[in-house]
Amino acid sequence: MAEKPRDFRALGARLGKWTPPQNAFDPAAAWTLNYSRQALVPERNGAPGGARSGALTIMHAPGPDATRLRATESVSAGFSSPTYTADIDCANDALLTPQRWTLDIRWVSGPQAKLKNPGEIDQTRGGRVEGREIVHKGARDRRCPAPERWTAFWNLFAVVPRLPFEASSVLTFDLFEELDLHKPDQRLAYIGQRTLKLNGQPLALHVFEQTGRGMLPWRWWVDAQHRVILAAGDRRAYLLDETKRGGAA
Amino acid sequence: MSACTVNRRTFLATSGAAGLGLILTARQAPAVTRKRPPNLLFMHLDQWYWEEASAFGCAHVRTPNIDRLAARGTSFSLSYSANPVCCPARACWYTGRASSENGVIMNDQWPLDPAMPDLGQWFTARGYDAVYAGKWHVTGRAFSQSFRALTSGSGVGEVTDGAVSRAAEGFLRARTATDKPFFLNVGFLQPHDCCYWVFENQGGEPLTRLGPPPADLPPLPPNHGYDPNEPEPLRNRRNDAHPRSRWSAEHWRWYLWNYDRMVEMADAEVGRVLNALEDAGLAEETLVILTADHGDGLARHGLTSKMFLYDEAARVPFIAAFPGRVQAGGRDARHLVSGLDIAPTLCDYAGIEGLPKARGLSLRPLLEGRDQAPWREFLVAETFRTGRMIRTPEYKYVAYQNDPVTQLFDLRSDPGELKNLAPEASKADTVRDLAARLAAWEKNLDIYPLQEPAEPKRAGKGKKTARG
């Protein structure tokens with residue numbers, strides 16, 4: 001039994017009192033999950049690794065014709081910190097492909113920031129799919145060809161739970177982080193099951209790995225009920241928040 | 001008064017700069033009289049290897065956004081950091097002065113001369129909205145003392161580079177026609193996260209991955225080896241205690257693969273800012289410069305990181321674009337360019353006098369196709385305060401204070417810097433000539449009297465006085 005894979009080790013003290021969720025979870029139902037956003041900085045010179053860098057909430061609301069996702073992500077970014085609220089209408093396909101969305105960005109600034117006014121760099125962006133194009137709305141609309149298969153990073157928190165735990169479980173797609181940063185040629189594949197030892201207790205998790213252009217590999221650690229427990233990239237991770245456990249909405 | 005109606009004369013008068021007079025040679029004079037000073041967008045990546053973009057011929061990365069900026073402007077392949085480590089390189093950008101003059105000779109321990117103005121203060125005093133988002137890292141001066149700070153980001157690129165580009169995007173999309181011209185600085189951290197990869201693998205244990213390895217692991221570079229008879233500061237970087245000494249070829253190739261992805265991450269953030277500039281209708285009136293503070297060892301000479309003078313650390317990408325002003329699609333492989341040229345170039349385009357005693361040259365003649373103008377025959381870069389290199393179009397000569405080993409590379413025949421020619425009798429005249437030029441350059445420095453802080457980390461023997 002592996003003691004702690006790198007993704008968990010890199011969380012450092014954050015895992016101190018963390019316990020796995022016990023409540024029921026149905027990936028196909030309406031649900032809300034809360035995550036702490038973590039910086040995966042290794043231990044160095046005696047300084048502990050890991051540090052909280054924000055929070056993420058994913059609300060999943062399936063419907064007969066479309067699925068609605070709301071992602072609310074706050075990022076600790078020093079002098080000023082943004083909170084993104086994305087409302088995404090998604091196709092009911094395997095990738096929950098975004099069809100129409102709004103992205104609201106609000107900043108909270110500390111005394112060291114020198115904004116002209118509190119809302120100076122706030123934005124409300126939006127976009128939609130038109131035919132085979134993605135249209136990013138703005139003072140001037142920006143159009144780009146829609147990849148054949150694509151989704152948004154936030155959507156993966158709802159896409160991964162729908163995947164079966166089997167070797168044939170592979171998705172290929174282009175990714176848009178925050179709905180605009182294009183990361184092509186992604187491949188998300190089931191790797192297998194791992195049993196870890198966390199805080200003295202064994203924990204069996206399934207893991208998917210995602211690799212592609214424009215990002216370091218991500219591992220999606222999923223519990224037996226298909227709930228994403230930990231999504232970990234190179235230096236950024238999202239750990240299910242034990243203080244705000246979610247399940248059925 | 002609407003900014004649209006502000007011409008150069010009234011702009012300078014209202015900013016208090018007119019009385020100081022413009023020090024522009026005929027060569028530097030603007031080619032076109034503009035009604036409004038241009039906006040300036042200065043973006044920098046951290047630890048970006050000089051060839052690491054598709055546009056520069058690297059087959060292992062895809063950088064569509066950096067490529068489109070390069071296609072829109074001119075890039076320089078002989079571009080060098082003035083001092084290839086974070087704080088010193090940045091202090092050189094923002095003061096226009098060599099490290100030995102501005103005081104920032106190494107990261108974190110030697111502060112900037114408090115009397116020395118920086119570009120943020122300079123442009124603010126001359127009517128610009130000088131704004132900053134992201135990594136600053138100039139020891140001894142908070143960037144909020146110099147710029148209007150939007151956000152600082154964190155020390156981890158993957159964690160907050162997105163917020164940095166969002167802040168810059170928000171600033172650009174909110175611009176109105178009546179706003180002052182801006183000088184927007186955007187400091188991204190990537191691909192600097194590669195340093196964490198080194199820390200995380202310092203034990204040298206076999207790599208463990210969950211999935212299969214990608215098929216496209218880059219090969220080791222041709223100059224992965226090195227001459228064991230190096231100057232002492234370089235030998236010290238190779239001691240057995242360093243994690244790299246325990247790395248297998250697989251470690252190195254994984255390091256390269258990870259670094260490539262980090263550059264692609266930075267590319268996407270650059271793209272977000274460029275999109276905002278274009279969508280806001282500002283691209284035609286904005287000079288954009290994209291460069292890096294220093295490079296990365298990237299397995300060349302068996303090294304990672306920076307703080308040495310081989311090309312992989314000292315040489316950096318440099319792109320400038322300004323539609324209708326800067327030649328589009330140019331790749332200048334002839335002219336030697338320094339980080340010290342940033343300040344004179346920005347001031348030149350803004351139509352304001354340069355920073356006091358700035359050491360660099362405005363790149364404007366080169367960018368605008370007037371490349372027959374006289375140009376420097378060599379440039380100098382420093383490392384800590386004990387190492388200096390002089391680079392000519394043909395050679396690089398490196399000398400560390402009190403170190404008997406010097407290095408001479410013929411970069412025409414040995415671009416990988418593997419064959420040290422300094423000991424060869426046939427090159428004695430070349431060594432003498434370059435050493436004399438370096439000594440003359442040093443003699444001209446206005447050395448900042450340094451105070452000794454704690455023993456510096458990883459910088460040779462330290463505790464030596466500045467040259468010259």
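The structure displayed is predicted, hence computed values, not measured ones. Residue numbers begin at 1 in each chain, while the letters A, B, ... track the order of the sequences.
Of the two parts of B/Q190, neither the backbone nor the side chain holds a non-hydrogen atom closer than 4.5 Å to a non-hydrogen atom of chain A. Neither the backbone nor the side chain of B/D161 comes within contact range of chain A; no heavy atoms are under 4.5 Å apart. Heavy-atom distances place no part of A/F208 under 4.5 Å from chain B, backbone and side chain included. A/D234 touches chain B through backbone and side chain together, each having a heavy atom under 4.5 Å away. At a 4.5 Å heavy-atom cutoff, B/V131 makes no contact with chain A through either its backbone or its side chain.
Atom CE of A/M215 is separated from atom CZ of B/R261 by 11.5 Å, given to the nearest 0.5 angstrom. With values rounded to the nearest 0.5 angstrom, A/E177 atom CD is found 7.5 Å from B/E269 atom CD. A distance of 4.5 Å separates CG in A/D185 from CZ in B/R62, rounded to the nearest 0.5 Å.
Ranked by heavy-atom pairs under 4.5 Å with chain A, the list B/L150, B/D129, B/D279 is led by B/D279. Among B/A167, B/S154, B/A268, the residue making the largest number of heavy-atom pairs under 4.5 Å with chain A is B/A167. In terms of non-hydrogen atom pairs under 4.5 Å with chain B, the most contact-rich of A/R187, A/R142, A/R6, A/R236 is A/R142. Interface check for chain B: of the options A/G78, A/S80, A/G212, the most heavy-atom pairs under 4.5 Å are formed by A/S80. If you tally non-hydrogen atom pairs under 4.5 Å between each of A/G192, A/P217, A/G110 and chain B, the highest count goes to A/P217. Heavy-atom pairs under 4.5 Å with chain A were tallied for B/S144, B/A168, B/A149, B/S165; the largest tally goes to B/A149.
Considering only residues two or more places apart in sequence or on other chains, A/R140 meets the side-chain hydrogen bond (donor to acceptor under 3.5 Å, both in side chains) condition with none of them. Residues forming a ring pair (Phe, Tyr, Trp, His ring centres under 6.0 Å) with A/H226 (at least two apart in sequence, or on another chain): A/F165. For B/Y255, the ring pair (Phe, Tyr, Trp, His ring centres under 6.0 Å) criterion is met by B/W197, B/W247, not counting sequence neighbours.
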Please assess B/R166 against A/D180 for the test salt bridge (charged side-chain N to carboxylate O under 4.0 Å, His left out), listing each intermediate value before the final yes or no. CA-CA 11 Å; B/R166 281 290 186 205; A/D180 69 336; 3.4 Å; yes

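Using a 4.5 Å heavy-atom cut-off against chain B, the contacting residues of residues 114-125 of chain A are A/K114, A/L115, A/K116, A/E120, A/I121, A/Q123, A/R125.
Atom CZ of A/R100 has 12 or fewer heavy atoms from other residues, nucleotides or ligands within 6.0 Å. By the neighbour-count criterion of 12 heavy atoms within 6.0 Å, atom CZ of A/R70 is sparsely surrounded, having that number or fewer from other residues, nucleotides or ligands. Heavy atoms of other residues, nucleotides or ligands lying less than 6.0 angstrom from CD of A/E148 number 12 at most.
Between B/Y132 and A/F79, the gap from one ring centroid to the other reaches at least 6.0 Å.
Residues A/R37 and B/V159 form a side-chain contact, since some pair of their non-hydrogen atoms from C-beta on lies under 4.5 Å apart.
With B/E158 contributing its side chain and A/R235 its backbone, the two residues share a donor-acceptor pair below 3.5 Å.
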